Amino acid sequence: MATIFNHFYGNKNAFLNPCDITEKISGFPEVCITTFSESIIKDFVEKNTARVIANLYSANGIIPVYEIEYADKKMGLFLSRVGAPACAAGLEEIIALGAKKIVLFGCCGILNQSIADGKIILPSSAVRDEGTSYHYFSGSEEMSAEAFSTDIAVRCLKQHGIPYVIGKVWTTDAIYRETPEAIEERKKQGCIAVEMECSASLAVAKFRNIPIIQFFYGADNLDCDKWEIRDLTDYGLSFSNKYMTIALECGIAMNAAISVGIG
């Protein structure tokens, strides 16, 4: 079968490209922050000055893109939809609007409690158990994070005394097919967390030559005999300020590092 998993088409020009349907906005913020938690977005917008400068459209509804300000720097803020295909489409359209640097964060399931519990997780690479990334890069078992972006995130976390761990994550399309056998296999590969978008986001950013910082906070726990939901349904709201501050600080640091050409 000539599926995308073993037959990659490397043509940079697709039949339909993001720029064909998304018009670039003059003065669009170069740094954009995004998360999957609508609760975190709403909380920040309600407590801070934010204005809508664009919208992302789909049959699921309209996603506003906000311009915000932090440390005298204008940034974009928008909601990423859950799942690799929807997340990738949003990133494509944000880049087409004019974004040049991305900070993306969200929750994940813990696969190694002793290493990852209670820490911010920075992906070193992501196992590609989804389909979207294979449309951007030919088949390989993992997508690696750029050391440049990881180093910036590490400096930010160290500066603010926030515990973190760098490790491999498992990106899957099917949350209800995380079988015990699959979980055990991924743990043996060294995966410390599981989520749904990381490998695809890394692939889009690399394909479009856009630096991206990703980080995760642990929600549910899969490193146990019975699934522990913990604060999964809180959608990060309890620590909203903490996660947003990390993302904003990473955005500032990324912009500064790229401006002077250091990583």
Side-chain angles (χ1 to χ4, degrees), residues 1-22 32 34 36 58 80-97 99-106 108-109 111 121-153 166-175 177-179 181-216 254 258 263:
M1 291 179 64
T3 66
I4 198 68
F5 299 100
N6 52 31
H7 194 170
F8 174 68
Y9 301 94
N11 189 346
K12 287 283 186 179
N13 290 313
F15 190 77
L16 175 65
N17 301 284
C19 59
D20 296 332
I21 58 171
T22 305
C32 281
T34 183
F36 303 97
S58 78
S80 280
R81 295 201 187 277
V82 173
C87 176
L91 291 176
E92 286 274 36
E93 290 163 12
I94 281 290
I95 293 167
L97 284 169
K100 296 180 179 178
K101 310 168 187 80
I102 304 291
V103 179
L104 183 155
F105 70 96
C108 65
L111 294 182
I121 298 168
L122 301 176
S124 56
S125 65
V127 174
R128 302 168 72 183
D129 204 0
E130 42 71 43
T132 305
S133 66
Y134 294 90
H135 294 269
Y136 290 86
F137 280 94
S138 57
S140 62
E141 193 165 9
E142 300 175 18
M143 282 295 303
S144 296
E146 297 290 346
F148 171 84
S149 297
T150 303
D151 289 346
I152 294 172
I166 302 173
K168 189 183 302 185
V169 301
W170 168 27
T171 303
T172 178
D173 272 343
I175 58 172
R177 293 302 301 151
E178 295 171 12
T179 63
E181 296 84 358
I183 291 170
E184 193 58 35
E185 181 181 351
R186 295 297 176 242
K187 288 169 72 173
K188 287 179 179 178
Q189 283 181 273
C191 293
I192 63 174
V194 57
E195 44 68 57
M196 297 182 68
E197 301 86 11
C198 184
S199 54
S201 300
L202 290 173
V204 171
K206 188 172 183 180
F207 185 80
R208 298 298 179 192
N209 197 28
I210 296 290
I212 186 171
I213 290 175
Q214 294 190 72
F215 69 85
F216 305 100
M254 176 187 278
I258 290 173

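Just so you know, these numbers use all the heavy atoms, side chains as well, and skip hydrogens, waters and symmetry mates. What you see is a predicted model; the values in this text were computed from it and never measured.
Partner of Ser125 under the side chain to side chain contact (heavy atoms under 4.5 Å, CB included) criterion, chosen from Ser144, Cys191, Ser140: Ser144.
More than 12 heavy atoms of other residues, nucleotides or ligands sit less than 6.0 Å from atom CG of Asp20. Within 6.0 Å of NZ in Lys187 there are more than 12 heavy atoms belonging to other residues, nucleotides or ligands.
Residue pairs satisfying the salt bridge (Lys or Arg N to Asp or Glu O under 4.0 Å) criterion with at least one member in residues 194-205, sequence neighbours excluded, are absent.
In terms of modelled atom types and a separation under 3.5 Å, the side chain of Asp151 and the main chain of Phe148 share no donor-acceptor contact. Checked by atom type and distance alone, the side chain of Asp129 never pairs as donor or acceptor with a backbone atom of Trp170 at under 3.5 Å.
Cys108 is not listed as a side-chain neighbour of Val169, based on a closest heavy-atom distance of 4.5 Å or more. Contact check for Tyr134 versus Arg128: side-chain heavy atoms found under the 4.5 Å cut-off. When side chains are defined from C-beta on, Arg186 does not count as touching Thr172, because their heavy atoms never get closer than 4.5 Å. With contacts defined as side-chain heavy-atom distances shorter than 4.5 Å, the pair Pro211/Glu146 does not qualify.
Minimum interatomic distance between Ile166 and Ser124 (heavy atoms only, all atoms of both residues): CG2-CB, 3.8 Å. Closest non-hydrogen pair, Ile94 versus Cys32, comes out as CG2-SG, 4.0 Å. Nearest heavy atoms, Ala203 versus Phe137: O-CE1, 3.4 Å. Listed here is the closest heavy atom pair of Thr132 and Ala200: CB-CB, 4.0 Å. Nearest heavy atom pair, residue Ile192 against residue Gly167, reads CD1-CA, 3.8 Å. Annotation for Met254 and Ile102: closest pair CE-O, 3.6 Å, computed over non-hydrogen atoms.
If you check the side chains of Gln189 and Glu141, you find a donor sitting under 3.5 Å from an acceptor.
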With a cut-off of 3.5 Å and sequence neighbours excluded, list every side-chain donor-acceptor pair involving residues 82-91.
none

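In this structure, OG on Ser149 lies 9.0 Å from CG on Leu202, to the nearest 0.5 angstrom. To the nearest 0.5 Å, atoms OG (Ser199) and CD (Gln214) are separated by 9.0 Å. Here Glu92 contributes atom CD and Phe207 contributes atom CZ; the two are 7.5 Å apart, rounded to the nearest 0.5 Å. Here the OH atom belonging to Tyr136 is positioned 10.5 Å from the NZ atom belonging to Lys12, to the nearest 0.5 angstrom. Here CZ of Phe5 is found 7.0 Å from NE2 of His135. Values are rounded to the nearest 0.5 Å. From Phe105, atom CZ reaches atom CG of Leu122 across 13.5 Å, with rounding to the nearest 0.5 Å.
Legend: residues meeting ring pair (Phe, Tyr, Trp, His ring centres under 6.0 Å) with Phe36, ordered by chain and number and at least two apart, are absent.
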Q: Let me see the working for Ser201 and Ile212 under side-chain contact (heavy atoms from CB on, under 4.5 Å), right down to the final yes or no.
A: CA-CA 8 Å; Ser201 300; Ile212 186 171; 4.1 Å; yes
